[in-house]
Number of protein chains: 2
Amino acid sequence: MRLVVARCQVDYAGRLTAHLPMATRVIMVKADGSVLVHSDGGSYKPLNWMSPPCTLREGTTEDGAVEWTVTSKTDDTLRILIEEIHADTRHDLGVDPGLQKDGVEKHLQELLAEHPGTLSAGLTLVRREFPTAIGPVDLMCRDAAGAAVAVEIKRRGEIDGVEQLTRYLELLNRDPALRPVRGIFAAQEIKPQARVLATDRGITCAVVDYDALRGMDDAEDRLF
Amino acid sequence: MRLVVARCQVDYAGRLTAHLPMATRVIMVKADGSVLVHSDGGSYKPLNWMSPPCTLREGTTEDGAVEWTVTSKTDDTLRILIEEIHADTRHDLGVDPGLQKDGVEKHLQELLAEHPGTLSAGLTLVRREFPTAIGPVDLMCRDAAGAAVAVEIKRRGEIDGVEQLTRYLELLNRDPALRPVRGIFAAQEIKPQARVLATDRGITCAVVDYDALRGMDDAEDRLF
DNA sequence: ACGTTGATTTCGTAA
DNA sequence: TTACGAAGTCAACGT
């Protein structure tokens with residue numbers, strides 16, 4: 001990892017072209033050759049960057065100015081013209097052990113796949129990620145009467161999710177072997193507008209308690 | 001801007017919970033208080049971060065270890081436990097003049113507005129950003145027979161874009177003065193699932209060559 | 001202030 | 001390897 005604080009001008013040409021006027025910024029060069037140009041504000045996204053794999057070449061212009069050229073396989077180029085360097089340090093960071101996440105949609109799907117009855121009494125799982133031409137249905141189930149039930153799972157239930165489930169239901173209900181298929185929209189939190197739209201379309205809403213589900217899972221684990 | 005290279009452990013709790021084991025990393029603290037934790041790989045995205053507005057509090061644990069706590073208004077917290085500091089520097093960057101871009105969707109729309117015939121032979125422009133109650137249609141055109149055609153433009157064509165165009169078409173087709181209105185889904189690249197959905201709804205897909213369009217435009221400029 | 005849309009999105013996972 | 005959906009997405013723009 002190399003950290004450079006410098007007054008610089010940056011030009012990118014690739015998917016689009018972008019230009020940064022001369023100003024003082026932080027340039028981060030990672031071990032894999034990728035380059036990030038950060039300002040003192042904004043979000044975690046750099047003003048300009050080059051993703052790996054890429055190569056950095058340090059040169060000088062005909063005027064004698066320092067010029068870095070970063071090029072990728074796909075001919076994208078990032079050109080950094082450096083007017084003045086305020087700091088330039090290198091650090092050996094080693095390999096990072098990586099990030100551990102918890103609480104994302106996938107985990108919620110796993111838990112609901114193991115406990116479909118919490119969505120609606122008597123519900124049983126047919127399969128997860130049930131494939132259709134327009135994408136997989138999160139959970140395909142059957143209710144106590146044997147009728148098909150499509151479940152769409154979100155961390156936060158918004159209108160997009162209801163639209164998605166509606167598309168699946170429309171397609172699935174064309175299949176004589178499955179129909180009638182009803183829908184359940186499951187989320188940790190369901191926005192009022194999404195609930196209204198779902199209800200209007202005959203879709204059941206189910207608010208899921210993630211901690212309770214995880215608790216059920218732990219309880220089961222202890223039995224074995 | 002403050003740059004710290006340190007052996008640290010990071011824990012985040014907010015929308016999700018995430019944990020980074022003890023390792024050497026770069027911590028970037030921006031002028032607005034936002035914090036980015038970078039490793040020596042990956043892309044421009046930090047391993048962990050806190051977006052502004054937020055406040056950084058430097059403290060010590062009961063064991064005497066250095067502990068930074070970053071909290072946002074929405075109760076998200078980022079806790080950085082620092083074992084050893086390798087470098088700690090501050091730099092005055094000033095306000096950045098900002099990025100200038102060219103080649104994004106807006107430009108694609110401008111080019112297609114000038115050359116609607118590349119989407120479908122005989123197509124002519126009625127107007128760009130044609131207003132409707134649920135938002136503007138990118139291009140409203142007429143075909144050789146005089147029938148209305150709504151065009152939705154994306155850089156990458158995915159299902160969301162088809163949904164958007166479908167909503168417009170549904171609304172436009174309620175207007176006796178316009179109907180029947182057909183749709184064209186134009187993008188530099190169209191995903192298979194989006195194509196399936198579009199075709200199923202009677203929407204034409206058009207793959208657009210941005211460079212070729214730009215070439216046509218340059219050729220025209222030379223005539224004047 | 002709030003919602004919608006785009007992005008050099010990046011990232012993970014399944015086919 | 002590719003393709004697709006999700007993201008602690010972020011940021012810009014219009015209402």
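Chain identifiers are assigned alphabetically (A, B, ...) following the order of the sequence lines, protein sequences preceding nucleic acid strands; residue numbering begins at 1 within each chain. All values below were derived from every heavy atom in this structure, side-chain atoms included, with hydrogens, water molecules and symmetry-related copies excluded. Everything quoted here is computed from the prediction, not taken from an experiment.
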Say we look at C/dT4 and C/dT8: how far apart would their P atoms be, to the nearest angstrom?
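Pairwise P distance, C/dT4 against C/dT8, rounds to 22 Å.
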
Between [X] and [N], is there a contact of a side-chain N or O with OP1 or OP2 at under 4.0 Å?
| X | N | value |
| --- | --- | --- |
| B/S43 | C/dC11 | yes |
| B/Q193 | D/dG5 | yes |
| A/S51 | C/dT10 | yes |

Verify the stacking flag for A/Y44 against D/dC10: centroid separation must be under 5.5 angstrom and the ring planes must differ by under 30 degrees.
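Check failed, A/Y44 does not stack on base of D/dC10.
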
Touch check for [X], heavy atoms < 4.0 angstrom, all strands: base, sugar-phosphate only, or nothing?
| X | answer |
| --- | --- |
| A/G42 | sugar-phosphate |
| B/M50 | base |
| B/P136 | nothing |
| B/K101 | sugar-phosphate |

Can you check the [X] [atom1] to [N] [atom2] distance for me, whole Å?
| X | N | atom1 | atom2 | value |
| --- | --- | --- | --- | --- |
| A/D138 | D/dC4 | CG | P | 17 Å |
| B/K106 | C/dT8 | NZ | P | 13 Å |
| B/L99 | D/dA11 | CG | C1' | 12 Å |
| B/K191 | D/dT2 | NZ | C1' | 10 Å |
| B/E189 | C/dG6 | CD | P | 15 Å |
| B/L47 | C/dG12 | CG | P | 10 Å |
| B/L36 | D/dG8 | CG | P | 15 Å |
| B/W49 | D/dA11 | CH2 | P | 12 Å |

If we ignore angles and hydrogens, is there a donor and acceptor under 3.5 Å between the side chains of B/D11 and B/Q9?
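Short answer, yes.
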
Specify the residue among A/A18 and A/R127 whose closest nucleotide of DNA chain C lies further upstream toward the 5′ end.
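Counting from the 5' end, the first nearest nucleotide belongs to A/A18.
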
Between B/K45 and B/E105, name the one whose nearest nucleotide on DNA chain C is closer to the 5' end.
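Result: B/E105.
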
With salt bridge (charged side-chain N to carboxylate O under 4.0 Å, His left out) as the criterion, how do B/E158 and B/R156 come out once you've worked through the C-alpha distance, each side chain's angles and the decisive distance to 0.1 Å?
CA-CA 6 Å; B/E158 299 181 22; B/R156 288 185 182 176; 5.6 Å; no

Which nucleotide in the list C/dT8, D/dC4, D/dA6 gets nearest to the side chain of A/Q164?
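Closest nucleotide to the A/Q164 side chain: D/dA6.
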
Counting side-chain heavy atoms from C-beta on, which of D/dG5, D/dG8, C/dT8 comes nearest to B/I159?
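From the listed options, D/dG5 comes nearest.
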
Between B/R167 and B/E163, does any NZ, NE, NH1 or NH2 come within less than 4.0 Å of an OD or OE carboxylate oxygen?
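Salt bridge: no.
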
With a 4.0 Å cut-off on N to O distance, would you call A/R15 and B/E189 a salt bridge?
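No salt bridge links A/R15 with B/E189.
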
If the test is side chain to side chain contact (heavy atoms under 4.5 Å, CB included), which one of A/I80, A/V10, A/I85 qualifies with A/I27?
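With A/I27 as partner, A/I80, A/V10, A/I85 yield a single side chain to side chain contact (heavy atoms under 4.5 Å, CB included), made by A/I80.
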
Answer yes or no: is there a side-chain heavy-atom contact under 4.5 Å between B/W68 and B/V4?
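When only atoms from C-beta onward are counted, B/V4 and B/W68 do touch, with a gap below 4.5 Å.
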
